[in-house]
Amino acid sequence: MTAPAPSGSAPPTSAPPAIELVGIDKRFGAVHANKDINLVIPKGTIHGIVGENGAGKSTLMSILYGFYSADKGEIRVDGKPVAIRSSQDAIAAGIGMVHQHFMLVDVFTVLENVILGAEGGRLVAKAEARARAELHRLETEYDLAVDPDAVVETLSVGLQQRVEILKALYRGAEILILDEPTGVLTPSEADHLFRILRQLRDQGKTIILITHKLREIMAVTDHVSVMRRGEMVAHLTTAETSMEKIAEAMVGRHVLLEVDKGPANPGAVLLDVSGVSVRDKRGVTLVDNVSFQVRAGEIVGIAGVAGNGQSELIEAITGIRAPTSGTVTVNGQPVPADPAKVRDLGLAHVPEDRHHMGLVLPFEARENAILGYQDDPRYGSGLMQDAGAILKTCETQMAAYDVRPPTPRLRTSLFSGGNQQKIVVAREIERDPKVLVVGQPTRGVDIGAIEFIHKRLIDLRDQGKAVLLISVELDEIRSLSDRVLVMFAGKVVGEVAPSTGEGEIGLLMAGVAKDRQGKGAGA
Amino acid sequence: MELFDQLINVLASTIRLSVPLLFACLAGLYSERSGVVDIGLEGKMLGAAFAAGAVAAVTGSAWAGLGAAIAIGVALSLVHGFASITHRGNQIVSGVAINFLALGVTALLGQAWFNEGGRTPQLPGSARFLDVTLPFADSLRDVPFLGSIYANLISNQSIPTYAAFAAVPLTWYVLYRTRFGLRLRAVGENPHAVDTAGISVARLRYAAVIICGILCGFGGAYLAIAQSAGFLNEMTAGKGFIALAALIFAKWRPVPAMWACLLFGLLDAVALRLQGTVVPGIGEIPVQVFQALPYILTVVLLAGFIGKAIPPKADGIPYSKDR
């Protein structure tokens, strides 16, 4: 399972490989991000790169795309060594990249985004005409239709991603790197993306797919390379391996991909959401008459593509935002629009976006360990804080949740994503809440930590707490929840059992609600 | 007919008063479209005005004065650029620092060099940009309406005035029709997109602040050696800030920027005209009312009454590769 030959697993072919990395090494201060990386990617293949967060895959791709330069090592494209010192060099070498966060100018049209940086002259009129013709060609060749005059911010996420791919192809990319491309897509949009990728491969392009979703690796790649702690630990041929084997190589030990849980034992209603609607300042309805209950001892999952009202629903439930109409009760008590008071009612909240809501990144870990509970008499009285008690709380939580490094005085921004999330989860769960609202508990979290967090959520359920889980990861929803609600355009469009097929839930998520429509509203 | 003449007079003075606003506003437009907030327009214009007045007084050449003004405008812009682009400093702090620096240094050097209480010596006509008379202006003067408009509004302005109004369509063209403009707009919205497209964010932003400095140089020169006959202490009198207000008013677009500057210039012209006059039923209107109007209008606009003014998304945010 561990690294075979350092030269990778490329089948012997006569044509030189599209990409060859030889002995790439990169340090950031004390962090050894890439250690002597060797990688061979044959032309015309889809190559997956997997690894936990902080394993070094982003650094490696950034080196390939000229964002950083390697301390040591050589990059060869089509057998010839190339020096890639900037994105410009990478583009010239035929490398294109679709970033996880799209590199698009929202207020520009598709055409303007495509020509940006590749205008080929001082005036834009000619470039636009040229791009228009070329887009038309790409559209017919690769099934990549998108209106060239549409303003990017009006397009769906799936279409924006298509614009990114078009940008790369317009620049003549022969090698396309995609960084976590499906994170924001519906299952059907992801399927469409994979069809496009296969088509591109069949036309001779080389695709590098960085993802943490093993299912996608299995579905679309030809080969897969696994990184762990800055090293390449395995080069595998997809057809000859399994998800379990890849996961094991990533983590370095055996992992449980399936969550191990017994049947739920629902008790009294602890969280009651009744007819909640949220409208924004412009009067747009974001949450539309949503009602459901969560009982003690069950996990209710809310599935849906990001941006369908889940975030606003969480805000209404946790008191961050007052609902326009409807009521929320926790343990029979109505929820006021004040998160601190909601917490006093016994509701804990792991926010969707830990960077914006869950943590203050420049703070030390010990300060974040009590964030939101700083007025608790345990941590001091009056104007004074009890530094000793805070430190002790943080140390206890770090030990219980295996936060690495276990250093309460370390600045939070210096922890990896998974460990940051553990700090948040530890803080919220250790308060022994009656109701836990969790948003995207494992976003940007590595497999080892995912397993850990999932186990904690199940434990909490078995202790008789009510858990509301909101996630865009359908796998996560299906494996953890006892009941699944699907949200689309602010409405709960259906309630399904977690065993329901991905396809059917996917249709609900895409708003193609069938006979189940409306059933969830009264659930 | 007398009312018409008065109107022409007010409009002529509107144009004169809006020129420094327009230069500063377009200067800010380039800078802010690239993502660099420039609260230091006032200071740059003041520094440039002093340079223009001083150099014109010493050399006796208006053009040398303009050159010096541009040099100082660009130099101060580069200080701002160095702080906010290269070192990713706080752009507001840097801009405020430039304002204070210009205020102090101009007064100090003015007194040290010319001993006239901070002002530069009175310039003779030959060392100033005087109003030019366009062809046929005199012969057409007596044609009713159009003749008067041509002779008094369009003709009889100084060279920097024509430059200011020519800069408006030029800026529009640069912004919306050229590669540079496309990239400039992009870098103010999403510098990451520009960087990944293989274009240097820093170089683009430096180009933008240099253009900003040149335009501030024109604005300062206009104040000291076209509108007046020398530099006076604090002669910008908040015009750099009004220009920023106009920029917001115009939603960072060149043609609306011109209209906003003309509107603010008009308020100024009306204020001058109404100074001391008694309006029946109200009494004497304090000048301050008109002086405050641009700010009041801007606040009203920002409160969302006239429409949303959305700045370039990356305006004011230093760029670093990692997010």
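Protein chains get the first letters and strands the later ones, always in sequence-line order, with residue 1 at the start of each.
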Parallel, tilted or perpendicular: ring planes of B/F218 versus B/F23, cut at 30 and 60 degrees: parallel
Just list the side-chain donor-acceptor pairs under 3.5 Å for residues 162-173 of chain B, sequence neighbours left out, or say none.
from   : atom 1 : to     : atom 2 : distance (Å)
B/Y162 : OH     : B/I154 : O      : 2.5
B/T171 : OG1    : B/Y30  : OH     : 3.1
B/T171 : OG1    : B/A167 : O      : 2.6

Any side-chain heavy-atom pair of B/W252 and B/L175 under 4.5 Å: no
Side chain, backbone, both or neither of A/F67 within contact of chain B (heavy atoms, under 4.5 Å): both
Chain B-proximal positions within residues 109-128 of chain A [heavy-atom distance under 4.5 Å]: A/E112, A/I115, A/L116, A/G117, A/E119, A/G121, A/R122, A/L123, A/V124
Sub-4.5 Å side-chain heavy-atom contact between B/S200 and B/Y206: no
B/G238 backbone acceptor or donor facing B/E42 side chain under 3.5 Å: yes
Atom CZ of A/R130: over 12 foreign heavy atoms under 6.0 Å: yes
